[in-house]
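These notes are about the structure you will find just below.
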There are 2 protein chains.
Amino acid sequence: MLVFWRHGYEGASLATLTEAMGISTTSMYAAFGNKEELFRKALERYTEVPSAYLAEALEEPTALGVATAILAGTVRTTTLPDNPSGCMGVQGALAASDSGRGVRDLLVAWRQNGYAQVGERFQRAVDEGELPPETDPGLLARYVTTLAFGIAVQAASGVGRAELQEIADTALRNWPPA
Amino acid sequence: MLVFWRHGYEGASLATLTEAMGISTTSMYAAFGNKEELFRKALERYTEVPSAYLAEALEEPTALGVATAILAGTVRTTTLPDNPSGCMGVQGALAASDSGRGVRDLLVAWRQNGYAQVGERFQRAVDEGELPPETDPGLLARYVTTLAFGIAVQAASGVGRAELQEIADTALRNWPPA
DNA sequence: CGAATTCTGTAGTGATCGATACATAAAGGG
DNA sequence: CCCTTTATGTATCGATCACTACAGAATTCG
């Protein structure tokens, strides 16, 4: 997972992957089938562990709490000292060759899924009367995820954790934004 | 340039590149030296043409005008119907293998340069008294570029122009954010 | 303990990568 | 008009890609 995270899908060679996993190519193919399936499993694990902050954030009692937890989790996960900088769901395959289109589409769906979950959570906040009834929960979710993806790109560019957290704080000082 | 824009640096093969340019590999190597130099030239052209909105935006009379023009230009350029979706400066090489580290670092510097230009422009706005003196122009620039990079990721994921422009409008409705 | 079965490492598959050597075609100068 | 020079296309280079065949090691079960 760390290799895919750091180098992306196409930038991670089988040799590097198997060496990091401590197994040989044969064992990897017996266990996963091919490189794309291995990436799918790695993405599942990434979702469950480093990106677990998303599911936890959705359980925050208020919409602002959700947004705050999402951005704080993004900042933390994209700037872990011993892990690659950035978000695997973003830099795993943002652009790819024809052979990597399957994984690229997988990550598009992964990001879309994150957006949809946040949108449903904000819809609930509207339904419950926490957010004004004229609020567009989809737009709000797109706004928060856009900030998160932007933070991920900045982290991949080497921007530090403190500065990114300041950006998150600044953005959410005005809430709801619309 | 379009091939690099669409497939990224490592996802663009020499065969695809030369076919799109209408020349043979020999002519390409005689003219540019190698693939990395070709990418540098393509990035220069990208900066001068599709990304020209940045330089124009910096000449807007107000800081809000600058931010508005940057985000509007980002939305427009990342969702051109006949061009690849997204920003070449982001998806060109966000993650890469070891052999692509040079280009990855080049794009990190490219994004950092964009941030620095915006920061200087906002510093001028502070000096001229347009923005409150306690404003941190660097933080403001990081905020705007974060939104721009986030928009680029969303565009690469297939989000449409109208929705992205709504996000930009929503974000800048509160200005300055800090 | 011994035979069958599962698993793992080594070596090598064709395909494609970026990059070149060589031969041919076009262009420039006397 | 011919020779020199520059530029281009073809065919191929070694390296590496994802992937697999085969053989030996470990394990399981009678």
Side-chain angles (χ1 to χ4, degrees), chain A residues 1-46 84 88-110, chain B residues 1-46 84 86 88-89 91-110:
Chain A
M1 179 182 72
L2 293 174
V3 176
F4 280 133
W5 190 351
R6 183 179 304 279
H7 294 115
Y9 174 66
E10 293 189 316
S13 72
L14 263 299
T16 308
L17 287 164
T18 52
E19 184 187 349
M21 293 189 292
I23 62 175
S24 70
T25 58
T26 308
S27 307
M28 195 282 287
Y29 275 92
F32 299 96
N34 57 31
K35 187 185 177 184
E36 183 166 336
E37 284 302 318
L38 175 62
F39 184 85
R40 298 184 109 92
K41 291 292 181 187
L43 183 62
E44 283 181 23
R45 176 166 299 187
Y46 180 82
M88 178 173 160
V90 173
Q91 67 206 22
L94 199 53
S97 70
D98 292 334
S99 71
R101 179 161 296 177
V103 169
R104 184 184 158 279
D105 293 346
L106 171 68
L107 287 184
V108 167
W110 185 85
Chain B
M1 176 183 72
L2 294 174
V3 176
F4 279 132
W5 191 351
R6 183 178 304 278
H7 297 293
Y9 173 67
E10 292 188 316
S13 72
L14 263 299
T16 309
L17 287 164
T18 52
E19 184 187 349
M21 293 190 292
I23 62 174
S24 71
T25 58
T26 309
S27 306
M28 195 283 287
Y29 275 92
F32 299 96
N34 58 30
K35 187 185 178 185
E36 184 167 335
E37 283 302 318
L38 175 63
F39 184 86
R40 298 184 111 90
K41 291 292 181 185
L43 183 62
E44 284 182 20
R45 177 166 298 186
Y46 180 83
M88 178 173 159
Q91 67 205 23
L94 198 54
S97 69
D98 292 334
S99 70
R101 179 161 295 177
V103 168
R104 184 185 159 279
D105 292 344
L106 172 67
L107 287 183
V108 167
W110 185 86

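In what follows, chains are A, B, ... by sequence order, proteins preceding strands, each numbered from 1. Keep in mind that this is a model prediction, so the values were computed, not measured.
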Between C:dT8 atom P and A:M28 atom CE, what is the distance in whole Å? 13 Å
Among the nucleotides D:dA18, C:dG18, C:dA11, which one has an atom lying closest to any side-chain atom of A:S13? D:dA18
Whole angstrom value for the distance that separates P of C:dA19 from CZ of B:F32: 14 Å
From NZ of B:K35 across to C1' of C:dC17 the rounded distance in Å is 8 Å
Separation of B:L38 atom CG from C:dA19 atom P, in whole Å? 10 Å
With heavy atoms under 4.0 Å as the rule, sort B:A12 into base, sugar-phosphate or nothing. sugar-phosphate
Contact class for B:S24 vs. all strands (heavy atom < 4.0 Å): base, sugar-phosphate, or nothing? base
Under 4.0 Å between a side-chain N or O of B:Y29 and OP1 or OP2 of C:dA19? yes
Less than 3.5 Å between a donor and an acceptor, one on the side chain of B:T26 and one on the base of C:dA23, is that the case here? no
Once you round to the nearest 0.5 Å, how far does CG of B:L38 lie from CE of B:M21? 5.0 Å
Of all the choices, C:dA19, D:dA21, D:dT10, which nucleotide is nearest to the side chain of B:N34 once you look at every atom? C:dA19
May I ask you to evaluate whether B:S27 reaches the phosphate of D:dG9, defined as a side-chain N or O under 4.0 Å from OP1 or OP2? yes
Donor-acceptor pair, distance only, cut-off 3.5 Å: does the side chain of B:Q91 make one with the backbone of B:R6? no
Rounded to whole Å, how long is the line connecting atom OH of A:Y9 with atom P of D:dC17? 14 Å
Close side-chain approach of B:M28 to B:L14, heavy-atom, < 4.5 Å: yes
N-O pairing of A:K41 and A:E37 below 4.0 Å: no
Rounded to the nearest angstrom, tell me the gap between atom CE in A:M21 and atom P in C:dT8. 12 Å
Spacing of B:F4 atom CZ relative to C:dG18 atom P, expressed in whole Å: 9 Å
Remember a base hit wins even if backbone is also touched, and classify B:S99 as base, sugar-phosphate or nothing at under 4.0 Å, heavy atoms. nothing
Please give, in whole Å, the distance from D:dA18 C1' to A:F39 CZ? 16 Å
Has the side chain of A:Y9 got a donor or acceptor atom that lies under 3.5 Å from a matching backbone atom of A:F39? no
